[in-house]
Q: 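Dropping a structure here in structure tokens format, bear with me for questions.
The sequence lines fix the lettering, A, B, ..., with proteins before strands; numbering per chain opens at 1.
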Amino acid sequence: MIKNINKKIIDFLIIFFLAIQIFIYFYNQRPLTKNFSQKDITVENFSSIVLSKSGITKIGSEKLNKIDEDNIYLEGNSYLENKEYKIYGENIFIKLKEEISNSNDPVKVINSMGVLKSKGFKNLDNKGIIIFKGEVEFLID
Amino acid sequence: MINKILYLIVSLFFFSTSYSDSYVKASDTLIWDSENKKYTANGDVEFKNEKFIAYSDKMIANYVEENNEEIFTIVELFENVVIKFKDETFRGNHAIYTRDDNIIVLTGNVSIESPTRLLTGYELIADIDNNKRILNSADKDSLVEVLLENDSNN
């Protein structure tokens with residue numbers, strides 16, 4: 001009789017603690033994720049690597065501002081470098097999910113054909129197209 | 001003496017920074033399509049290579065990659081085309097230059113202007129390497145016009 005009662009108490013305690021653990025797990029996870037995604041992050045003298053259709057692209061800037069999960073803003077002198085090109089500019093916006101970067105500030109690009117200067121650019125990396133805006137000068141080696 | 005050396009250094013600096021055998025300039029946009037291997041320039045386009053200098057409203061240049069370098073193979077010019085080669089000026093509505101044979105084909109209200117003559121027609125085939133110019137009319141009823149300078153006073 002006593003053994004039966006003890007067994008029931010132990011079973012109850014196990015179920016109780018499991019329920020508490022599940023409760024703690026969900027209670028802790030939800031607000032943590034929510035807070036993280038809403039937070040703006042700023043990093044100075046930043047450099048990192050992004051994997052896109054054109055391969056590995058090294059990005060860097062004086063100041064990186066994370067707008068949200070998919071958008072970052074490279075503030076001040078910034079660069080994008082991969083095996084096809086080196087883009088040196090200022091104030092570059094990057095849409096990570098769409099693989100698009102653009103800037104309305106002067107930019108200098110070096111590729112295997114020469115050196116290009118323009119007033120701004122829009123890089124559609126997923127299509128392999130870069131649009132250089134404004135007056136453009138492309139000196140061919 | 002010091003002034004001359006300084007002048008030489010400054011001249012060499014400006015020469016090295018401004019001089020380039022080939023270039024493309026545009027006032028609106030230049031689109032680099034690396035998948036289709038072409039550049040498209042729009043607005044007051046100026047293109048220079050080792051052979052000639054060309055002006056037009058739009059340019060599409062195809063390229064190939066050789067030994068890790070990109071080389072223009074076909075250059076197509078659209079609208080208000082002006083090509084300057086030595087003392088000749090070619091004008092037309094459309095032009096295609098192929099690098100392999102160094103031939104320029106101009107069409108649409110074509111003219112060749114040089115110090116001593118002015119030729120007009122519909123199509124011009126300019127073979128740069130062999131120094132040949134073939135000027136065609138639009139059809140058999142059309143004319144190729146030639147204006148020669150009267151140098152009897154010379």
Side-chain angles (χ1 to χ4, degrees), chain A residues 50-59 79-90 92-95 98-141, chain B residues 13-78 97-99 102:
Chain A
V50 175
L51 190 63
S52 61
K53 195 184 174 186
S54 60
I56 293 169
T57 301
K58 191 180 171 190
I59 63 171
Y79 64 85
L80 307 168
E81 289 181 4
N82 65 22
K83 61 180 169 44
E84 290 193 343
Y85 56 75
K86 293 173 182 174
I87 297 175
Y88 302 102
E90 289 175 39
I92 300 171
F93 286 91
I94 301 175
K95 293 179 181 177
E98 296 167 56
E99 296 181 8
I100 293 172
S101 53
N102 73 289
S103 171
N104 292 322
D105 288 301
V107 65
K108 180 182 174 182
V109 180
I110 300 169
N111 67 9
S112 54
M113 190 173 266
V115 179
L116 190 151
K117 288 176 185 174
S118 75
K119 304 289 182 193
F121 78 97
K122 186 173 187 180
N123 182 4
L124 310 172
D125 204 40
N126 54 350
K127 293 179 181 172
I129 291 172
I130 306 179
I131 301 162
F132 299 100
K133 299 180 274 188
E135 280 187 16
V136 184
E137 185 183 73
F138 187 21
L139 302 179
I140 299 160
D141 294 334
Chain B
F13 173 75
F14 279 109
F15 181 78
S16 63
T17 53
S18 63
Y19 179 78
S20 178
D21 264 351
S22 305
Y23 61 77
V24 178
K25 290 178 184 175
S27 63
D28 292 342
T29 56
L30 180 72
I31 301 165
W32 175 24
D33 184 346
S34 58
E35 282 197 358
N36 296 308
K37 298 196 184 305
K38 66 178 181 182
Y39 288 86
T40 303
N42 293 293
D44 299 326
V45 179
E46 188 177 326
F47 168 74
K48 184 182 178 293
N49 64 10
E50 65 273 18
K51 300 285 182 187
F52 60 84
I53 185 164
Y55 306 87
S56 66
D57 291 353
K58 182 182 175 181
M59 182 197 84
I60 297 174
N62 296 293
Y63 66 88
V64 292
E65 287 172 12
E66 283 178 7
N67 305 321
N68 291 325
E69 284 187 354
E70 294 171 356
I71 300 164
F72 285 138
T73 51
I74 297 171
V75 178
E76 199 169 0
L77 302 156
F78 302 87
Y97 163 72
T98 43
R99 189 177 182 275
N102 263 324

Q: Nearest 0.5 Å, please: how far is CD in B:Glu46 from CD in A:Glu137?
A: 9.5 Å

Q: Heavy-atom distance under 4.5 Å to chain A: side chain of B:Asp33, backbone, both or neither?
A: both

Q: Between A:Lys127 and chain B, which part of the residue has a heavy atom less than 4.5 Å away: side chain, backbone, both or neither?
A: backbone

Q: Measure the OG1-CD1 distance between B:Thr29 and A:Ile131 for me, rounded to the nearest 0.5 Å.
A: 7.5 Å

Q: Less than 4.5 Å apart, any side-chain heavy atom of B:Ile31 and any of A:Ile130?
A: no

Q: So does B:Glu69 have more than 12 non-hydrogen atoms from other groups sitting under 6.0 Å from CD?
A: no

Q: For the residue pair A:Tyr85 and B:Trp32, categorise the inter-ring angle as parallel (less than 30°), tilted (30 to 60°) or perpendicular (more than 60°).
A: perpendicular

Q: Identify the residue among B:Phe72, B:Tyr23, B:Tyr63 that makes a side-chain contact (heavy atoms from CB on, under 4.5 Å) with A:Ile140.
A: B:Phe72

Q: Please find the pair of heavy atoms, one from B:Glu70 and one from A:Asn111, that lie closest to each other, and give the distance.
A: OE1-ND2, 4.0 Å

Q: Is it the case that atom NZ in A:Lys86 sees more than 12 heavy atoms from other parts of the structure closer than 6.0 Å?
A: no

Q: Chain B heavy atoms under 4.5 Å from A:Leu124: which part of the residue, side chain, backbone, both or neither?
A: neither

Q: Rounded to the nearest 0.5 Å, what's the gap from CD1 on B:Ile71 to CE on A:Met113? Could you check?
A: 7.5 Å

Q: Could you tell me if B:Ser27 and A:Glu135 have a donor-acceptor pair between their side chains, going purely by distance under 3.5 Å?
A: no

